[in-house]
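Just so it is clear, the structure is predicted and the values come from calculations on it, not from any experiment. Residue numbers start from 1 in every chain, and the chains themselves are labelled A, B, ... in the order their sequence lines are given, proteins ahead of strands.
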Amino acid sequence: MITEENINVGIKEEEFILNMGPQHPSTHGVLRLVCSIKGEIVKNIEPHCGYIHRGIEKMTEKLTYPQIVHLTDRLDYLSALINNEAYCLCVEKALEIEVSDRIKYIRTIMSELTRIASHQLWWCSFGMDLGGLTCFFYGLRDREKILDIFEETCGSRLIISYNTPGGLMADIHPNFQKKVKEFIKYFRKTLPEYDQLLTGNVIMQERCKGVGYISKEDAISYGVTGPSGRGSCFSCDVRKKEPYSAYKFVNFNEVLRCEGDTFARYMVRMDEMRESMNIIEQLIDNIPEGPYAEKMKGVIKLPEGEYYQRVEAARGEFGVYIVSKGEKNPYRVKFRSPNFSNLSALNTMAKNQKIADLIAIGGSLDYVIPDIDR
Amino acid sequence: MEFSIYDFTSFTKSLDKLLNENMSSFWATSIEMLLIGVGILAFYALVGLFLVYAERKVCAFIQNRVGPNRVGPYGIIQTIADLFKLLMKELIPIKNADKLLFNIAPFIVIIASFLAIAAIPFAKGLHAIDFNIGIFYVIAVSSMGVIGVLLAGWSSNNKYSLIGAMRSGAQIVSYELSVGLSLITMVIFAGSMQFSVIVEAQRDGWFLFRGHIPAIIAFVVYLIACTAETNRGPFDLAEAESELTAGYHVEYSGIKFAFFFLAEYMNMFIVASIAATVFLGGWMPLHVGGFSGFNHVMDFIPPFFWYIGKTFFIIFIMMLFKWTFPRLRIDQLLTLEWKYLLPINLVNVVLMALIVLNGWHF
Amino acid sequence: MGLIKYISGIFKGVWSLLQGMAVTSSYFVRPWTIVTQQYPENRKGNKRGRSKKKLEMFERFRGELVMPHSENNEHKCSACGICEMNCPNGTIEVISKMEVNEEGKKKRALDKYVYHLGMCTFCGLCVKACPSGAICFSQNFEHAVFNRAKLNKILNNEGSKLLKGVE
Amino acid sequence: MDNAGLKEKVLQIVPGAEIIEDKQYLTVTVAPNKLHTLAEKLKEDAETLFDYLFCLTGMDWTDSLGVVYHLTSTKYNHYIVLKVKTTNRTAPVLDSVCDIWKTAEFHEREVYDFFGIDFKNHPDMRRIFLDDSWEGYPLRKDYVDEVNIIER
């Protein structure tokens, strides 16, 4: 009788190891995924990270508080302004400084613009991961407009360092409000094109629906946050839970989907772009007058203690944990990066799926490698 | 020797006569073969270069870009510059690769596309050979290319290329069915497999318009299936640059890579020209019954341009496919073939047979 | 029932594909929507019709640290070294010398203002911290050089002096 | 549950725990051998339900090494910070919590990588960022690297 045991007598079954990365087009950087595969099916994934580990947490121990800001840009470079904000909020929390409403409004608008820009880049790279190369150019074309706004006001496009402890580097440019409104008008027209091109596409839906499922319990346990977590019904929006900056002044919905698959994560991000535009529209006309930076001491020394600040970055919950001993350098700074936790759930999501699914799942998790490696 | 761009029959006949009068038939045939060979080779290179340029420009315009515009006016010399680059690049020998198969594979791929081009009628009287089983020959020969792909994937000793080759094998074996069946639908309609007969039969109207719904269905199915067969567009699983980096030709460099590259474009040209010949009347001008003035103007355009125009129209559609759609997954690819295209095709063949039997066509 | 679902599925799928093709082909026939900027040409503006817009960086763009000099070759740097202290990467080295001024007092003055462009992260802390506004960012972004040593720049001009009135 | 209730709860589970009400969160310092029980109870108790470990930080307090756990509940939205310390600097061993919160699996590997704290019952205790041949644990305060760390 032929059974599972004796059918392969004499044939030694070996694991077929496929090394994806560090140089691979769809790992979005230098991430290495060691996959054991069987035919087309991925049996196990082991992420190897650290190819661009720069020791940022060690570097912070030698720097003063204002100097650390420019390192936070370099974690998740696609949500640089949000990381800046998180760090500055943490320092302000320690110093017990309440910044003016103007700063709060500008910070929030900048954060939401960053979120849109980040999701645009995610959309185009996700399209490219699935094989639709045209998406990449449409996404980048529109992202360019946001980067121009950043460049005009902040002086830089990607790694911006616009926030400082106690305020902002510079006041907004006189053109800022006009340009943001123009962009929102333009993007409200372009976003349906994204849907036409990719969201509604039957190939894309077939490839994403039911792929890479993660349950709510697993998502919480793995700490999968941000749009990836909200695609699994995990209500983890820090903007709602612990409103910081100007989020308490605006009405917006937390986008939640409960399917838990790649398509849910996709749709959460698409809806979040619309939600971000709503937030900006509520704030952009009402920026109050006030100083763009609070008066700070020349040398910032945090009182002894431990401070934690959570913010909602584009990929999930970003946390800054500062331990101070009362000196001008922090004793220890820990950055809780969303991508690192999201990556840990990759094996659960992509196990027993096809190679092409692994790429789609990776695209829907939207990992940024410098944020994983720090 | 008379020469007309509307009818090459007398030209080729007189050339044949001239050669046979002056030398023995063996030498005459040899020289004819040589001439045809050189002619096709030149045409092949020209079309290949143009198609690469065209694809770059088409995808650039779709993607809101300008495309190549530095080398020569509007970048038309870009592909020639690329050709020189590929010629001069180092051919990297692969350790532990199967040397013989590794070197042979690109040639198999390119020879398959060479063979197929021989049977295609470019204009009236302008074809290398007019088989009475023309369509059958082209289908048979063009599917030879997959052997080259499989060999390339296997012999490179690379896991990515192996997966790519396996995918390609599964894909071409199944999509060959759809290509064959949709062409058979039209063969039933035309009553012949000979290309010249098929083209002549479309003098009063192209098959796409005359053949009712089955012809349109067959055309759409053929378009999908031939896109899959050329490993292009949403069906480029064998290369899948975001999954398998470059699939079966990941280890090739220099001119060997150029062979794969060129063969992909030539296969696209071949399937497009078959579609143009079988569905859109080949080199026949567009005729609308009753409008003799209009028909006369259409006749004025040389047949060769009709043929090229139709072929490039279909190639453009295939390019639009590629630059619009995301890639399918391997199981969806097979689902599409076995659950959708094949049953539709079978029903379609029966429909077409009914139409032909009852004489319901125009 | 299954057959209707099967056929409607085909038509829905084809319709969604056609929608995507409508987007791409609409861009194909609208070449005026092209957003590409022709980089080396657009530095000079509308030359040979290749570029529509002249390339201009925004005034706040942080391209490269410079020290503006007046017509009389005077700068505002008093060599206090605050920028050097504020720089997170050690990009700036202020080398000072002791100088005797007109009143006969010894005073610190700038000898060399060394700027290592290769180490700069363009965070802007030096400009923000400078008490006399001696340094600022220029809009030049073309930093490529053939030799690494060329990235180490001396910002103050040869023989330049401190502007009168700046302490 | 408010901080007072949480305090009571923690003291019920681990009687001798050192509890500080910090500016931000309630901070509980427990002995290494009690940590796993406390964590498990805090997660499973229907009144606390600390199901989301949002930050796991390795620490070097110069005299001792340890880990800081930031916990919250997705249901009740209350917070607690757990601290665990060990004075053994040569071969520190702590209990792993990755059977309670799966996210700890990667974070504990990170702590092992930077602080050299070995976690008992961890399924895959290897370095995660640094090379396997790396010597020393770089985020410890007494780590010296004369080549790569430039003192200013």
Side-chain angles (χ1 to χ4, degrees), chain A residues 46-55 57-59 61-63 90 93-94 96 216-225 229 234-236 238 241-242 303 305-310 316-317 319-321 323 325 331-338 340-345 347-348 372-374, chain D residues 20 22-25 27 43 49-62 67-68 70 72-75 77 79 81 83 98-111 113-115 124 126-132 134 137-141 143 145 148-152:
Chain A
E46 199 184 305
H48 284 230
C49 27
Y51 285 88
I52 41 171
H53 172 67
R54 295 149 296 175
E57 283 170 16
K58 184 77 181 172
M59 280 157 81
E61 291 171 14
K62 295 275 187 285
L63 296 177
C90 193
K93 186 185 265 178
E96 290 170 356
K216 187 183 174 185
E217 286 70 36
D218 273 350
I220 295 171
S221 182
Y222 274 115
V224 179
T225 48
F234 173 25
S235 153
C236 54
V238 185
K241 297 229 150 154
E242 282 181 56
E306 294 170 9
Y307 310 96
Y308 194 91
Q309 176 67 42
R310 309 160 75 188
E317 183 188 322
V320 180
Y321 178 50
V323 180
K325 295 252 157 152
Y331 185 73
R332 166 104 167 91
V333 177
K334 157 92 183 175
F335 295 113
R336 190 264 185 212
S337 61
F340 188 55
S341 302
N342 290 2
L343 179 73
S344 62
N347 195 13
T348 315
I372 295 172
D373 289 354
R374 278 164 288 156
Chain D
I20 311 159
D22 216 349
K23 281 171 202 159
Q24 213 173 344
Y25 303 128
T27 309
K43 194 200 171 186
L49 268 182
F50 283 105
D51 52 356
Y52 175 29
L53 171 71
F54 63 89
C55 193
L56 193 156
T57 315
M59 283 294 292
D60 179 6
W61 288 281
T62 55
V67 181
V68 182
H70 284 78
T72 183
S73 159
T74 51
K75 195 175 172 194
N77 275 333
Y79 299 89
V81 178
K83 277 187 192 173
C98 66
D99 52 333
I100 307 169
W101 301 285
K102 288 177 192 161
T103 180
E105 193 178 326
F106 268 41
H107 282 94
E108 279 174 356
R109 277 178 70 185
E110 188 196 332
V111 172
D113 201 348
F114 292 155
F115 294 92
D124 189 17
R126 284 179 299 136
R127 283 188 183 271
I128 187 162
F129 291 134
L130 302 177
D131 199 58
D132 286 335
W134 192 278
Y137 302 102
L139 252 71
R140 285 194 186 183
K141 291 283 171 188
Y143 178 76
D145 184 344
N148 295 313
I149 297 179
I150 302 161
E151 295 281 347
R152 276 201 291 143

Item checked: Contacting moiety of Thr225(A), where chain D heavy atoms sit under 4.5 Å -> side chain
Note to self: Please classify the contact between Val224(A) and chain D as side chain, backbone, both or neither, with a heavy-atom cut-off of under 4.5 Å.
What the structure shows: neither
Using a 4.5 Å cut-off on heavy atoms from C-beta on, say whether the side chain of [Y] contacts that of [X].
X: Glu61(A); Y: Lys141(D); result: yes
X: Asn77(D); Y: Lys241(A); result: yes
X: Ser235(A); Y: Thr74(D); result: no
X: Thr62(D); Y: Tyr331(A); result: yes
X: Tyr321(A); Y: Val68(D); result: yes

Margin query: Holding to side chain to side chain donor-acceptor pair (under 3.5 Å), I want the full list of residues that pass it with His70(D), two or more places apart in sequence or in another chain.
Written below: none
Margin query: So which atom in Arg332(A) and which in Met59(D) form the shortest heavy-atom distance, rounded to 0.1 Å?
Written below: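 The answer is CG-SD, 3.6 Å.
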Check: Taking all atoms of both residues into account, what is the closest heavy-atom pair of Ile220(A) and Asp51(D), and its distance?
Finding: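 Looking at all heavy atoms of both residues, the shortest contact is CG2-O, 3.2 Å.
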Check: Hey, would you say the Tyr52(D) and Phe234(A) ring centroids sit under 6.0 Å apart?
Finding: yes
Checklist line | Check: Phe340(A) ring centroid to Phe129(D) ring centroid under 6.0 Å | finding: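 Close enough - the centres of the two rings lie under 6.0 Å apart.
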Notebook entry, point to check: For the side chain of Gln24(D) and the backbone of Tyr308(A), is there at least one donor-acceptor N/O pair under 3.5 Å apart?
Noted result: yes
Note to self: With chain D as the partner, which of Ala345(A), Gly50(A), Ser221(A), Gly55(A) has the greatest number of non-hydrogen pairs under 4.5 Å?
What the structure shows: Ser221(A)
Got a second to check how far [X]'s [atom1] is from [Y]'s [atom2], nearest 0.5 Å?
X: Glu242(A); Y: Thr72(D); atom1: CD; atom2: OG1; value: 7.5 Å
X: His48(A); Y: Arg126(D); atom1: NE2; atom2: CZ; value: 5.0 Å
X: Glu57(A); Y: Phe114(D); atom1: CD; atom2: CZ; value: 6.5 Å
X: Glu110(D); Y: Ser344(A); atom1: CD; atom2: OG; value: 11.5 Å
X: Phe335(A); Y: Thr57(D); atom1: CZ; atom2: OG1; value: 11.5 Å

Check: Which one, Trp101(D), Phe54(D), Tyr25(D), leads in non-hydrogen pairs under 4.5 Å with chain A?
Finding: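 Heavy-atom pair counts peak at Phe54(D).
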Relative to chain A, which segment of [X] carries a heavy atom at a distance below 4.5 Å: side chain, backbone, both, or neither?
X: Tyr79(D); result: side chain
X: Leu139(D); result: both
X: Arg127(D); result: neither

Notebook entry, point to check: Taking everything shown except Trp61(D) itself, do over 12 heavy atoms lie less than 6.0 Å from its CH2?
Noted result: yes
Item checked: Neighbour count >12 (heavy atoms, 6.0 Å) for atom NZ, Lys325(A) ->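 Result for NZ/Lys325(A): enclosed.
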Checklist line | Salt-bridge present (Lys102(D), Asp218(A); N to O < 4.0 Å) | finding: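 Salt bridge present between Lys102(D) and Asp218(A).
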Notebook entry, point to check: Listed by chain and number, what are the side-chain contact (heavy atoms from CB on, under 4.5 Å) partners of Ile100(D), not counting sequence neighbours?
Noted result: His36(D), Ala39(D), Glu40(D), Lys43(D), Val97(D)
